[in-house]
Novice: 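Handing you a structure now.
A, B, ... follow the sequence lines: proteins, then strands. Residue 1 opens every chain. From a predicted model like this one, the values you see are computed outputs, not experimental measurements.
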2 protein chains.
Amino acid sequence: VSGFGFGVFARPGEAPRVGWGSGELVVDLSALGEPFRQPSLNALLGMGPAAWDDAIGRARELEGVGAVPLVDVELRLPFEVADYVDFYSSLEHATNLGRLFRPDPEPLLPNWRWLPVGYHGRAGTVVVSGTDVVRPRGQTISPGSGWPSFGPSRRLDVELEVGFVVGAPSRPGTPVPVEAFANHVFGVVLVNDWSARDLQAWEYQPLGPFLGKSFATSISAWVTPLALLQDARVEAPPQEPAPLPHLAGGRDWALDVALEIELNGALISRTNARRLYWTMPQQLAHATSNGASVRAGDLMASGTISGATRGSEGSLIELTRNGAEPLRLADFSERTFLEDGDEVVLRGRAANGVELGEVRGRIVPAR
Amino acid sequence: VSGFGFGVFARPGEAPRVGWGSGELVVDLSALGEPFRQPSLNALLGMGPAAWDDAIGRARELEGVGAVPLVDVELRLPFEVADYVDFYSSLEHATNLGRLFRPDPEPLLPNWRWLPVGYHGRAGTVVVSGTDVVRPRGQTISPGSGWPSFGPSRRLDVELEVGFVVGAPSRPGTPVPVEAFANHVFGVVLVNDWSARDLQAWEYQPLGPFLGKSFATSISAWVTPLALLQDARVEAPPQEPAPLPHLAGGRDWALDVALEIELNGALISRTNARRLYWTMPQQLAHATSNGASVRAGDLMASGTISGATRGSEGSLIELTRNGAEPLRLADFSERTFLEDGDEVVLRGRAANGVELGEVRGRIVPAR
């Protein structure tokens, strides 16, 4: 584990507290006051941008003083997840999935270029990097079969995503315009939105993914503040058609973050978050455009980030072309979907050199 | 407001605390200990069935002593909603909606009779009865139009539902079998799952409802404990095909609760929860069958409850046949969908005479 940002850690026998992750070290911030002596970042999140900037400054001052090696601590879930929203904002991913799941000639549905399609996931099963993931059971149906069966998923997949974490709440009934993004959002995490493709395919019509996703979502132990990523901001690619006025703008918030997926030690995907079609300010503006409020601890993830070239896809179903082209791993074994014992690591490094916290997870057998 | 159950109330100038609603009165339970001096039921929820039974007994003992008229207090959201899941468990409702939203000859999708279809809604916008609901804005598309427009919803609807509230948590990775339902579930609330049909129709493919629902969900101020509804339990209607083994059972948990919808003083629907196809124990078993854990404050709602006869549908889109047959109200005005200023009240009364808390909400104009 390495990376930069705020998180929650515990030394053996001590209460968890807020720390500042800095490479292979963590700085104990509990001397900075009550919000830093909590087992979650939520108190800090709710304090707003001025307090966040102050906390960053003080954390960096303390970097030289009494930092603890990460190997001596346990990293906890950094914040209590309030609501978890998952978008679907990569044009390449949505196109790939549309081709796999629907027979239509046009892989993108008509709404996709008009709004950042998204849905609510399960907040209570978001876990911190390093937590084992139990293979889910569920209903699946074989092609041509008249009835489903129940058993361990056989198409267990990863989804490489970047999520943003809301701090300062918004008022019920009042949208957050794209320009106000940084007034509300604290920072970003890496996200592995584990997905059981066979469960998802059978259940997801008409109300969307449920058990195919809800068993676990892993996030990095560090929330990297937006302030550390200022120098990694780039212009997002053009949008066609032009978005409606309430979604126009926020295009200067693409993040140039190089991303990779490692499976059992083999690098199986390299991509970048900078080409996402919908940006974070647009996602937040959309999610609140109906008046829905946000609050400290809301997590909004990008959806799987896939590039346009082979080897830059953010999920196994894309990387293996729905299982038709297995990956060759470091030990010469082949993979289509995840097997028990497999370990996945997501990593991200911004163009300005700031590393996000990694997301590590190992699959353990269904119980 | 009337009804029976636990809730949170505040007297002017005093801190909110746990109370026992009993008809037109509320009993102050703060003398029963720390969990009752909280601004939410979550501490009590987490304590488990033995503590719940004890609390009911002690609340009833206190009924004669120092109860406060409801008119003298403010009722708060009774619990912090952890995750909110909404099912789709009424055969009649799913059939009606399938006919309206899809052109296929078979209104039910193939999975519907095999599993309780559901999805996650927004927990952070669940509000207590009496809270105004701001008309949502959003994207809609007119038939034949090539592009959407953004504005206030013109097809704002209600959904009459009953939800159950989880208390005792389950272990991650470990399903809750139908037989263990009452070990985890504390009680029930009435739910109005406000829905903007025009937003929903445009956004919901392929990941399900999002902004068409996320602006507000209203629940009753009282959580009625399962123990008070024992005498209102009936056998659920038969299921065909027989469910898979992990969803078999739990059929003795249909609730004979008469339900009604009032709109501006006119009774527009009368129905009953007893004929829901999927029962609460089956819903919980399904939602955890993939190993997803539940925790105190999880709310799982039935989905719209519609009967088979005219006037027993749980939503305006069904009652008015998609707007084609307007309702005539008490003041001789007509309604297809909700107008600004309209007030909706949901009520429920169990066969053993126990009233659930009502759910009241008034529509205020889009901001």
Novice: Check whether any side-chain N or O of Ser306(B) sits under 3.5 Å from a backbone N or O of Gly314(B) as a donor-acceptor pair, and report yes or no.
Specialist: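 Side chain of Ser306(B) to backbone of Gly314(B), a donor-acceptor pair under 3.5 Å: yes, one is there.
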Novice: Decide yes or no for Glu161(B) and Thr304(B): does some side-chain heavy atom of the first lie under 4.5 Å from some side-chain heavy atom of the second?
Specialist: yes
Novice: Quick one: what part of Pro175(B) sits under 4.5 Å from any heavy atom of chain A, side chain, backbone, both or neither?
Specialist: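 Contact with chain A: none, neither part.
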Novice: Under 4.5 Å, counting heavy-atom pairs only, tell me which of Ser293(A), Gly98(A), Pro172(A) racks up the most with chain B.
Specialist: Ser293(A)
Novice: Which atoms of Ala82(B) come close to chain A, meaning under 4.5 Å heavy atom to heavy atom: side chain ones, backbone ones, both, or neither?
Specialist: backbone
Novice: To the nearest 0.5 Å, what is the distance between CH2 on Trp114(A) and CH2 on Trp147(B)?
Specialist: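 One finds 8.0 Å between CH2 of Trp114(A) and CH2 of Trp147(B).
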Novice: Using non-hydrogen atoms and a 4.5 Å limit, figure out which bit of Asp298(B) sits close to chain A: side chain, backbone, both or neither.
Specialist: side chain
Novice: At a 4.5 Å cut-off on heavy atoms, which part of Gln205(B) comes close to chain A: side chain, backbone, both, or neither?
Specialist: both
Novice: Please rank Pro209(B), Pro136(B), Gly118(B) by heavy-atom pairs under 4.5 Å with chain A and give me the top one.
Specialist: Gly118(B)
Novice: Can you check whether Tyr119(A) and His120(B) have ring centres sitting under 6.0 Å from each other?
Specialist: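 For Tyr119(A) and His120(B), the ring centres are not under 6.0 Å apart.
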Novice: Counting only heavy atoms closer than 4.5 Å, note whether Leu109(A) contacts chain B via side chain, backbone, both or neither.
Specialist: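 Interface part for Leu109(A): side chain.
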Novice: Should we count CZ of Arg113(B) as having more than 12 external heavy atoms under 6.0 Å?
Specialist: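 Yes, because the 6.0 Å sphere around CZ of Arg113(B) holds more than 12 heavy atoms from other groups.
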Novice: Under a 4.5 Å heavy-atom cutoff, which of Arg137(A), Lys213(A), His246(A) has the most pairs with chain B?
Specialist: His246(A)
Novice: Tell me, for Ala196(B) versus chain A, whether the close heavy atoms (under 4.5 Å) come from the side chain, the backbone, both or neither.
Specialist: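 For Ala196(B), there is no contact with chain A at all, as no heavy atom is under 4.5 Å.
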Novice: Taking every non-hydrogen pair under 4.5 Å, which of Thr125(A), Val134(A), Asp83(A) racks up the most with chain B?
Specialist: Asp83(A)
Novice: In plain terms, say whether Arg135(B) and Asp342(B) are close enough for a salt bridge, that is, a side-chain N and a carboxylate O under 4.0 Å apart.
Specialist: no
Novice: Going from CZ on Arg197(B) to CG on Leu156(B), what distance comes out if it is rounded to the nearest 0.5 angstrom?
Specialist: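 Atom-to-atom, Arg197(B):CZ and Leu156(B):CG are 9.5 Å apart.
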Novice: Leu207(B) versus chain A, heavy atoms under 4.5 Å apart: side chain, backbone, both or neither?
Specialist: both
Novice: So which part of Val85(B) gets closer than 4.5 Å to some heavy atom of chain A, the side chain, the backbone, both or neither?
Specialist: side chain
Novice: Name the option with the most non-hydrogen atom pairs under 4.5 Å to chain B; the candidates are His286(A), Gln139(A), Glu80(A).
Specialist: Gln139(A)
Novice: Please classify the contact of Arg122(B) with chain A as side chain, backbone, both or neither, using a heavy-atom distance under 4.5 Å.
Specialist: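 Its backbone and side chain both get close to chain A.
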Novice: Who wins among Gly212(B), Gly138(B), Gly121(B) for the most heavy-atom pairs under 4.5 Å with chain A?
Specialist: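 When all of Gly212(B), Gly138(B), Gly121(B) are compared, Gly121(B) has the most.
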Novice: What is the minimum heavy-atom distance between Trp112(A) and Ala94(A), and which atoms define it?
Specialist: NE1-CB, 3.4 Å
Novice: Determine whether the side chains of Asn42(A) and Arg295(A) contain a donor N or O and an acceptor N or O closer than 3.5 Å.
Specialist: no
Novice: Pairing donors with acceptors under 3.5 angstrom, does anything connect the side chains of Ser89(A) and Gln283(A)?
Specialist: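 Short answer, yes.
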Novice: Regarding Ser153(B) and Asp198(B), do their side chains bring together a donor and an acceptor under 3.5 Å, going by distance alone?
Specialist: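 Present: a donor and an acceptor within the cut-off.
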Novice: Heavy-atom pairs under 4.5 Å with chain B: which of Ala366(A), Gly291(A), Gly173(A) has the most?
Specialist: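 The option with the most such pairs is Gly173(A).
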Novice: Can you tell which part of Leu247(B) gets under 4.5 Å to a heavy atom of chain A, answering side chain, backbone, both or neither?
Specialist: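 Just its side chain gets close to chain A.
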Novice: Heavy-atom cut-off 4.5 Å, strictly under: side chain, backbone, both or neither for Leu244(B) against chain A?
Specialist: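 Side chain of Leu244(B) only, per the 4.5 Å heavy-atom cut-off to chain A.
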Novice: Below 4.5 Å from any heavy atom of chain A, which atoms of Arg171(B) appear? Answer side chain, backbone, both or neither.
Specialist: side chain
